[in-house]
Number of protein chains: 2
Amino acid sequence: MKSKITLKDIARELEVSISTVSKALKNSEEISRDTKEKVQAFAKLYNYKPNNIAISLKNKRTKNIGVVIPDIVHHFFTTVIRGIEKYANARGYNVIVCLSEESFDKEVINMEMLANGSIDGFIMSLSSETQAKGDYNHLKEVTDQGIPVVLFDRITNEVECDKVIIDDELGAYRATQKFIDQGKSKIALITTDDYLSVSKARTKGYRKALQESNLGVDESLILKLPSMEMDEGAIKTFLNEKNPDAVLCVNEIFAVYSMRLVQEKGLKIPEDISFIGFTDGVLSKYANPSLSVVAQHGEKMGEVSAEMLIDKVESEAEEESYQTKVLEPTLVIRDSIAH
Amino acid sequence: MKSKITLKDIARELEVSISTVSKALKNSEEISRDTKEKVQAFAKLYNYKPNNIAISLKNKRTKNIGVVIPDIVHHFFTTVIRGIEKYANARGYNVIVCLSEESFDKEVINMEMLANGSIDGFIMSLSSETQAKGDYNHLKEVTDQGIPVVLFDRITNEVECDKVIIDDELGAYRATQKFIDQGKSKIALITTDDYLSVSKARTKGYRKALQESNLGVDESLILKLPSMEMDEGAIKTFLNEKNPDAVLCVNEIFAVYSMRLVQEKGLKIPEDISFIGFTDGVLSKYANPSLSVVAQHGEKMGEVSAEMLIDKVESEAEEESYQTKVLEPTLVIRDSIAH
DNA sequence: AACTAGAGCGAAAACGGTTTCGTGTTGATA
DNA sequence: TATCAACACGAAACCGTTTTCGCTCTAGTT
């Protein structure tokens with residue numbers, strides 16, 4: 001077991017000072033060619049690599065970014081992480097992932113853990129509990145300390161920082177519009193409570209499309225579930241009672257489950273009833289029939305978030321200017337609607 | 001913007017030495033009650049939190065663990081990460097996630113990046129390229145440096161370290177056995193090339209079950225795809241030519257896609273043909289019909305891996321004893337087979 | 001009154017780097 | 001020969017902790 005070699009070790013072996021070694025390894029003009037070659041050769045031979053922690057302590061940059069998300073076992077968040085990781089890695093940053101599991105307390109604890117020097121900035125999506133509670137002091141404390149934060153997808157207006165979202169309202173609007181164009185008249189929405197910023201926006205887009213048409217909004221066609229968790233009973237009852245001819249769902253799972261329910265009743269998709277979901281994951285692709293969705297471009301979102309964060313981290317300027325980037329959703333047409 | 005306060009700041013304000021402050025905050029017996037109270041009150045007031053980086057440098061412990069996996073947009077890996085994160089967090093550790101994207105080079109680069117002090121140990125699953133290449137020097141270098149490594153799922157015998165796997169052979173054996181028990185006689189296997197340790201083990205279990213029965217192994221009923229990527233054409237041709245009455249697939253996607261193919265041909269599942277896949281993800285649960293699978297218990301695997309790693313990290317002892325934990329797979333029966 | 005023990009605190013080294021500034025040596029110049 | 005710049009290198013501070021060791025009091029003992 002050969003433990004890591006340090007500058008001090010090299011200095012001792014070569015009988016020069018630590019400073020000389022450090023400079024020689026950085027190819028400083030100050031050091032003679034002879035010495036530099038000697039040092040560099042020795043360093044290569046013994047596979048010297050500077051200690052990240054020491055460097056971090058010195059220049060107060062960790063090259064780590066903290067990602068705090070509610071859940072990782074969800075296709076959307078997974079793709080975002082991938083986008084963040086790819087981009088961050090290309091710029092020499094590592095990604096520390098923390099899960100809040102939709103809990104306010106865990107979100108707070110995780111952030112405190114990381115905020116004490118472990119990371120240069122945060123990328124996060126709020127837990128549902130945090131959004132329900134409306135308490136963002138943990139975020140404010142972090143930004144007050146000068147740690148940059150980028151909020152994505154589940155955001156709040158109460159914190160001043162960079163933000164990245166997709167235009168959920170537009171996505172829902174277009175999906176609903178699609179149903180209307182295809183002559184559907186009883187268009188249902190299966191969503192969650194409004195405290196989730198994304199659900200709220202999607203519901204708004206759905207309403208807008210219907211209001212602009214001559215159909216108008218029928219409140220009874222909107223099913224609001226208390227959380228993103230599946231509630232099979234509620235959905236079943238809803239679909240049986242309302243018999244819609246088109247259903248927009250705020251995620252894949254609600255949609256795929258609903259499709260199975262109506263298929264069991266003998267309905268034909270998309271002739272009798274059409275479906276569109278949110279999130280372009282494996283489920284949509286391999287469902288039977290395949291599910292049309294509003295794609296959220298999670299990977300892109302991750303890239304953009306990481307770019308904004310790292311740019312801010314590396315910018316010396318203390319300009320207090322924050323921007324919100326809005327990505328366009330895309331409607332992916334598959335067999336769950338006519339085409 | 002109030003920047004973080006340090007020991008030095010407190011010492012200056014209270015006109016005591018840094019050592020006194022440090023000791024006072026740790027409730028050292030050496031310091032008088034008066035001073036302790038004063039210091040602690042001040043620290044609380046200004047929300048003092050020790051700098052993680054400085055502590056890491058001092059005691060050569062980062063409380064970070066590095067997780068290197070091939071891909072994150074796969075249900076199995078996602079659940080493993082969740083398991084790791086939950087367990088590690090409970091013990092005060094953070095998780096740095098790096099993706100190799102099935103590339104040998106990225107795996108090497110990621111490990112080098114983290115091995116220079118950023119983490120206390122690795123949990124990893126080998127990239128397919130690494131397994132194909134059989135080059136494990138990057139792992140050996142890391143273990144040589146005394147950094148503990150836990151390998152899970154995709155492992156190798158050529159590196160001495162702790163390992164966690166599920167009994168893939170047993171899983172495949174039981175699944176195949178199930179088909180045999182149900183009177184199936186033309187049992188196919190859709191898998192990938194043998195260089196993936198898991199595929200190899202699963203194929204072995206499949207063969208074993210058939211050899212023990214009076215059916216025997218028909219090599220032509222085994223389809224080996226070059227990678228985990230879907231090859232729709234190959235699967236389609238295979239199923240059309242062979243017309244099996246049961247199919248075991250090494251993942252969910254192969255299985256769900258196959259189910260759709262045979263359904264389009266008018267076959268009834270599970271009467272005419274049954275299916276079992278590997279990985280208990282959303283796809284299996286919400287497929288139509290729902291897919292029976294060999295569950296791999298990713299979250300458990302993550303927990304166990306994290307436990308083994310952290311125990312090793314925190315054990316002072318330098319005992320060079322490594323163990324391999326084998327988790328039992330479970331057969332989850334759903335509608336893709338008779339029951 | 002002299003000595004001693006212990007309480008309470010501070011100085012300094014250490015972790016592994018980076019960087020500023022100072023210093024000794026050399027050769028060229030006046 | 002005295003001066004000086006340039007070259008090559010080292011000393012030391014610094015980042016924010018922890019921890020060992022030594023110092024200075026004070027109070028108690030004889």
Side-chain angles (χ1 to χ4, degrees), chain A residues 3-40 42-43 46-64 113-120 145-147, chain B residues 3-40 42-43 46-64 113-120 145-147:
Chain A
S3 202
K4 280 266 152 197
I5 191 176
T6 70
L7 285 187
K8 193 194 270 187
D9 298 329
I10 303 184
R12 187 175 357 88
E13 289 303 312
L14 263 36
E15 298 187 306
V16 290
S17 77
I18 295 182
S19 353
T20 302
V21 177
S22 175
K23 289 171 195 163
L25 289 174
K26 316 203 92 136
N27 242 318
S28 160
E29 292 303 322
E30 242 180 295
I31 307 296
S32 71
R33 258 197 25 177
D34 258 26
T35 313
K36 279 198 280 194
E37 280 172 5
K38 214 169 46 179
V39 171
Q40 287 170 6
F42 191 93
Y46 287 93
N47 193 28
Y48 169 78
K49 293 277 164 53
N51 180 309
N52 291 333
I53 299 293
I55 294 180
S56 292
L57 182 59
K58 184 91 240 279
N59 40 227
K60 294 163 161 249
R61 285 278 168 77
T62 62
K63 290 243 163 192
N64 286 156
M113 227 177 137
L114 295 179
N116 301 122
S118 298
I119 50 97
D120 294 340
Q145 281 171 30
I147 302 178
Chain B
S3 202
K4 279 265 152 199
I5 191 176
T6 70
L7 286 187
K8 193 194 272 186
D9 298 329
I10 303 184
R12 190 180 348 95
E13 289 303 311
L14 263 38
E15 298 185 306
V16 291
S17 77
I18 295 182
S19 353
T20 304
V21 177
S22 176
K23 290 171 195 162
L25 289 175
K26 315 202 92 127
N27 243 319
S28 159
E29 291 304 320
E30 240 179 294
I31 308 295
S32 71
R33 256 196 29 173
D34 257 26
T35 312
K36 280 198 278 195
E37 279 173 6
K38 215 169 46 177
V39 171
Q40 288 170 5
F42 191 92
Y46 287 93
N47 193 29
Y48 168 79
K49 293 276 163 53
N51 180 310
N52 289 334
I53 300 292
I55 294 179
S56 293
L57 181 60
K58 186 93 240 287
N59 41 229
K60 295 164 162 250
R61 285 278 168 80
T62 62
K63 289 244 164 191
N64 285 155
M113 228 179 135
L114 295 180
N116 302 122
S118 298
I119 49 97
D120 295 340
Q145 281 170 31
I147 302 179

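Just so we're on the same page: letters track the sequence lines, and every chain starts at 1. Note that the structure is predicted; figures quoted are calculated from it, not measured.
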Problem set entry | Sequence-distant partners of A:Asn27, side-chain contact (heavy atoms from CB on, under 4.5 Å), two or more places apart | A:Lys36, A:Gln40
Seminar exercise, completed: Counted 5' to 3', the first and last nucleotides of DNA chain C within 4.0 Å (strictly under) of a heavy-atom of chain B are C:dG8 to C:dG16
Problem set entry | Contacts of B:Lys23 that satisfy side-chain hydrogen bond (donor to acceptor under 3.5 Å, both in side chains) - sequence neighbours left out | B:Glu30
For this session: Kindly indicate whether the side chain of B:Leu7, heavy atoms from C-beta on, has any atom under 4.5 Å from the side chain of B:Leu25.
Result: yes
Exercise. Can you tell me how far P of D:dT19 sits from CG of B:Asn59, to the nearest Å?
Worked result: 8 Å
Exercise. Checking all strands, does B:Thr6 fall into the base, sugar-phosphate, or nothing category for heavy-atom contacts under 4.0 angstrom?
Worked result: sugar-phosphate
For this session: Take atom CD1 of B:Ile53 and atom C1' of D:dT18, then tell me their distance rounded to the nearest Å.
Result: 16 Å
Exercise. Closer than 4.0 Å, any side-chain N/O of B:Lys8 to the OP1 or OP2 of D:dC14?
Worked result: no
Exercise. Could you give the CG-to-C1' distance, from B:Asp9 to D:dC15, as a whole number of Å?
Worked result: 13 Å
Exercise. Is a donor-acceptor pair below 3.5 Å formed from side chain B:Lys58 to base D:dT17, judging by atom type as modelled?
Worked result: no
Exercise. Between D:dC9 and A:Ser17, is there an OP1 or OP2 to side-chain N/O distance shorter than 4.0 Å?
Worked result: no
Exercise. Could you give the angle between the helix axes at the two ends of the helix from C:dA1-D:dT30 to C:dA30-D:dT1, with five pairs per end, rounded to 10 degrees?
Worked result: 90°
Problem set entry | By ring pair (Phe, Tyr, Trp, His ring centres under 6.0 Å) - contacts of B:Tyr48 (at least two apart) | none
For this session: Round to the nearest Å and state the distance from B:Ile18 atom CD1 to D:dC14 atom C1'.
Result: 12 Å
For this session: Find the distance A:Lys38:NZ to D:dC9:C1' and express it as a whole number of Å.
Result: 12 Å
Exercise. With A:Lys4, which residues qualify under side-chain contact (heavy atoms from CB on, under 4.5 Å), at least two apart?
Worked result: A:Lys49, B:Asn116, B:Gln145
For this session: Could you list the residues that satisfy side-chain hydrogen bond (donor to acceptor under 3.5 Å, both in side chains) with B:Thr20, not counting sequence neighbours?
Result: B:Ser17
For this session: Please work out if B:Ser32 contacts a base, only the sugar-phosphate, or nothing of the nucleic acid, heavy-atom cut-off 4.0 Å.
Result: sugar-phosphate
Under 3.5 Å, which protein N or O atoms sit close to an N or O of nucleotides 20-24 of chain D? Give each pair with its distance.
{"from": "D:dT20", "atom 1": "O4", "to": "B:Lys23", "atom 2": "NZ", "distance (Å)": "3.2"}

For this session: State the CD-OG distance between B:Glu37 and B:Ser32, to the nearest 0.5 angstrom.
Result: 9.0 Å
Exercise. Do A:Asn59 side-chain atoms and A:Ile55 backbone N/O form a donor-acceptor pair below 3.5 Å?
Worked result: yes
Problem set entry | salt bridge (Lys or Arg N to Asp or Glu O under 4.0 Å) partners of residues 7-19 of chain B, not counting sequence neighbours, each pair once | B:Asp9-B:Arg12
For this session: Would you indicate what B:Thr35 reaches in the nucleic acid, counting non-hydrogen atoms under 4.0 angstrom: base, sugar-phosphate, or nothing?
Result: sugar-phosphate
Problem set entry | Whole-Å distance separating the NZ atom of B:Lys49 from the C1' atom of D:dG16 | 16 Å
Seminar exercise, completed: Residue pair B:Lys36/A:Leu57 against DNA chain C: nearer the 5' end by closest nucleotide is B:Lys36
For this session: List in chain and number order the residues that pass side-chain contact (heavy atoms from CB on, under 4.5 Å) with A:Asp120, two or more places apart in sequence or in another chain; answer none if no residue qualifies.
Result: A:Arg61, A:Thr62, A:Tyr93, A:Val313
For this session: Starting at atom CG of B:Leu25, determine the distance to atom C1' of D:dT19, rounded to an integer number of angstrom.
Result: 15 Å
Problem set entry | Length of the CG-P vector between B:Leu7 and D:dC15, whole Å | 13 Å
Exercise. Who are the side-chain hydrogen bond (donor to acceptor under 3.5 Å, both in side chains) partners of B:Ser22, not counting sequence neighbours?
Worked result: none
For this session: Quick one: list whatever passes side-chain contact (heavy atoms from CB on, under 4.5 Å) with A:Ser118, sequence neighbours left out.
Result: A:Leu114, B:Asn52
